[in-house]
> 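Quick one: the structure is below, questions incoming.
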Amino acid sequence: MEKLKVGILGATGMVGQRFATLLANHPWFEITTLAASPRSAGQTYEQAVEGRWKLDVPMPDAVKKMVVKDVSQVEDVAKDVDFVFSAVDMKKDEIRAIEEAYAKAEVPVVSNNSAHRWTPDVPMVIPEINPEHYQIIAEQKKRLGTTRGFIVVKPNCSIQSYTPALSAWKEFEPYEVIVSTYQAISGAGKNFESWPEMVGNIIPYIGGEEEKSEKEPLKVWGHIEGDHIVAAEEPKISAQCIRVPILNGHTATVFVKFRKKPSKEQLIEALRNFRGEPQELDLPMAPKQFIQYCEEDNRPQVQLDVNYDKGMGISIGRLREDSIYDWKFVGLSHNTLRGAAGGGVEAAEYLVAKGYITKK
């Protein structure tokens, strides 16, 4: 197939950098445009991120000499792309406005930002769990007055470490969940060089994160009614979110109550058998096995498991009965791969496979 032309909005930030590395050799997509703030515009990508490359993999040669465009020049950026990934770093109302401007310029937007997660007709999707929410795109296009432009978002990075397990266990009716997430510094767009005070430290606060952790899974598990998505009412979730001195990988400790009383064997079998449409479609970015269950008492570990299946798989372990709740477990996901840019690329692949994104 002829590759689709892709733009990255916010290409100089950490998530934008991750998009650049994932798309450099993608079988379906070709980066044709990089866009960022006016201060980066006009420079080559190499110049624009000089001294600010935050990944542990090198900058792809294919993007080094590309001249960065001004993200606010929508028509200029839109003219050379079939769709865009958005990782812009602005205020929420500015992000909402610019993503809508691209959609109205007939450019589909696959966003890593939180700004549109609660827009009623914008689907917030983990492709293995709720791809049917993309059906709301038709209603969104009516509101925007577009024929091919629309916005989709992916949920918060930290919920990926436990939401897939709870989704696999839906038949057992989880209704109450306590979760604590231990979140890597790359989730804040930082590394240890740019955030030295995180070395040997824990910060028990991440702004807005607990609200996202409690509410976003409910939208993922929701359903479409007319022109909007209605969030599920259960399970009720109470969350604490803590920043820890890890570069990549969000770990969650989770306690669950179920209406139906599953055995440990049933729960593990449900995790291992859980597959979504990305696996059936064999999408390039999709993990072959979405969730792995680790039998060892000391797993999942960031150093051993964070890169499981291209960093796109979820690792679950330490499933055991609890003295107050029914069961407890530990989950781990890669926050900038599954949780951010990789999840965005997988979402775009799904949208292409299903005909939502096409060549102009």
Side-chain angles (χ1 to χ4, degrees), residues 3-92 94-95 97-99 101-102 105 107-115 157 184-199 247-248 285 311 334-337 339-345 348:
K3 288 190 177 185
L4 277 79
K5 296 176 178 175
V6 179
I8 304 171
L9 313 181
T12 57
M14 184 179 253
V15 174
Q17 293 173 19
R18 185 66 82 178
F19 274 123
T21 62
L22 292 177
L23 296 168
N25 297 301
H26 195 280
W28 297 6
F29 306 144
E30 176 189 5
I31 303 171
T32 55
T33 304
L34 300 171
S37 66
R39 71 176 177 273
S40 296
Q43 301 180 70
T44 64
Y45 189 57
E46 202 169 25
Q47 290 167 335
V49 297
E50 189 178 359
R52 295 191 295 132
W53 185 257
K54 291 181 176 161
L55 305 186
D56 48 7
V57 290
M59 181 186 297
D61 289 336
V63 296
K64 284 180 179 176
K65 302 302 178 197
M66 285 180 111
V67 176
V68 178
K69 293 189 174 186
D70 182 344
V71 73
S72 63
Q73 302 296 309
V74 176
E75 293 299 329
D76 182 43
V77 175
K79 70 180 194 292
D80 295 323
V81 298
D82 294 312
F83 74 100
V84 295
F85 291 105
S86 174
V88 290
D89 182 12
M90 302 173 170
K91 294 184 179 135
K92 281 217 167 67
E94 293 172 348
I95 294 172
I98 200 155
E99 289 183 348
Y102 275 93
V107 176
V109 178
V110 179
S111 179
N112 189 72
N113 294 303
S114 63
C157 49
I185 63 172
S186 57
K190 304 276 182 70
N191 57 18
F192 288 110
E193 286 168 25
S194 58
W195 204 1
E197 62 269 35
M198 272 310 300
V199 177
L247 182 59
N248 293 311
M285 201 70 207
H334 196 304
N335 54 295
T336 68
L337 288 169
V345 173

> Which pair of non-hydrogen atoms, one from Ala48 and one from Arg52, has the smallest distance, and what is that distance?
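Ala48 and Arg52 have their closest heavy atoms at O-NH2, 2.6 Å.
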
> Could you tell me whether the side chain of Gln17 and the main chain of Thr12 form a donor-acceptor pair under 3.5 Å?
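Judged by distance alone, yes, a pair lies under 3.5 Å.
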
> Return the CG to CG distance between Asp56 and Asn191, rounded to the nearest 0.5 Å.
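Rounded to the nearest 0.5 Å, the CG-CG separation comes to 10.0 Å.
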
> Ignoring hydrogens, what is the shortest heavy-atom contact between Pro60 and Ala24? Give both atom names and the distance.
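Closest approach of Pro60 to Ala24: CB-CB, 3.5 Å.
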
> Is there a donor-acceptor pair closer than 3.5 Å between any side-chain N or O of Tyr102 and the backbone N or O of Leu9?
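Absent.
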
> With sequence neighbours left out, what residues match Ser86 under side chain to side chain donor-acceptor pair (under 3.5 Å)?
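Scan of Ser86 (side chain to side chain donor-acceptor pair (under 3.5 Å), adjacent residues dropped) gives Glu99, Asn113.
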
> Rounded to the nearest 0.5 Å, what separates atom NZ in Lys79 from atom NZ in Lys5?
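Result: 11.0 Å between the selected atoms.
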
> Got a donor-acceptor contact below 3.5 angstrom from the Lys54 side chain to the Gly189 backbone?
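Yes: the side chain of Lys54 pairs with the backbone of Gly189.
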
> Quick one: NZ on Lys69 to CG on Asp76, what's the gap to the nearest 0.5 Å?
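One gets 4.0 Å once the value is rounded to the nearest 0.5 Å.
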
> Find the distance between CG (Leu4) and CD1 (Ile31) and round it off to the nearest 0.5 Å.
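Going from CG on Leu4 over to CD1 on Ile31, the span is 13.5 Å.
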
> Can you see which heavy atom on Val71 is nearest to which on Ile98, and at what distance?
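Of all heavy-atom pairs spanning Val71 and Ile98, the closest is O-CD1, 3.5 Å.
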
> For Glu94, check side chain to side chain donor-acceptor pair (under 3.5 Å) against everything at least two apart and list the hits.
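None.
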
> List in chain and number order the residues that pass side chain to side chain donor-acceptor pair (under 3.5 Å) with Trp195, two or more places apart in sequence or in another chain; answer none if no residue qualifies.
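Partners of Trp195 under the side chain to side chain donor-acceptor pair (under 3.5 Å) test: Glu197.
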
> Compare every heavy atom of Gly342 with every heavy atom of Met285, then report the nearest pair and how far apart it is.
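For Met285 versus Gly342, the nearest heavy atoms are CG-O, 3.7 Å.
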
> Side chain to side chain donor-acceptor pair (under 3.5 Å) with Asp61: which residues, sequence neighbours excluded?
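Scan of Asp61 (side chain to side chain donor-acceptor pair (under 3.5 Å), adjacent residues dropped) gives Lys64.
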
> Hey, what do you get for NZ (Lys3) to CG (Leu23), rounding to the nearest 0.5 Å?
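Rounded to the nearest 0.5 Å, the NZ-CG separation comes to 10.0 Å.
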
> Identify the heavy atoms of Leu337 and Gly311 that sit nearest to each other, and give their distance.
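So the two residues come closest at CB-O, 3.5 Å.
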
> If you draw a 6.0 Å radius around CG in Asp70, do more than 12 non-hydrogen atoms from other residues or ligands fall strictly inside?
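Counting other residues, nucleotides and ligands, CG of Asp70 exceeds 12 neighbours.
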
> If we count only N and O atoms by modelled type, under 3.5 Å, do the side chains of Ser186 and Asn248 hold a donor and an acceptor together?
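The criterion, which ignores hydrogens and geometry beyond distance, is satisfied for Asn248 and Ser186.
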
> Would you mind reporting whether Ile185 and Leu247 have side-chain heavy atoms less than 4.5 Å apart?
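A side-chain contact exists here, since the closest heavy-atom pair is under 4.5 Å.
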
> So which pairs with a foot in residues 47-83 pass ring pair (Phe, Tyr, Trp, His ring centres under 6.0 Å), sequence neighbours left out?
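Pairs touching residues 47-83 that pass the test: Phe29-Phe83, Phe83-Phe85.
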
> If you compare all heavy atoms of Val63 against all heavy atoms of Tyr45, which two are closest, and at what distance to 0.1 Å?
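In terms of heavy atoms, the two residues are closest at O-CB, 3.2 Å.
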
> Compile the donor-acceptor pairs under 3.5 Å between side chains in residues 34-44 and protein atoms, sequence neighbours left out, one pair per line.
unit_1: Gln43; atom_1: NE2; unit_2: Arg39; atom_2: O; d: 3.0
unit_1: Thr44; atom_1: OG1; unit_2: Gln47; atom_2: N; d: 3.2
unit_1: Thr44; atom_1: OG1; unit_2: Gln47; atom_2: OE1; d: 3.3

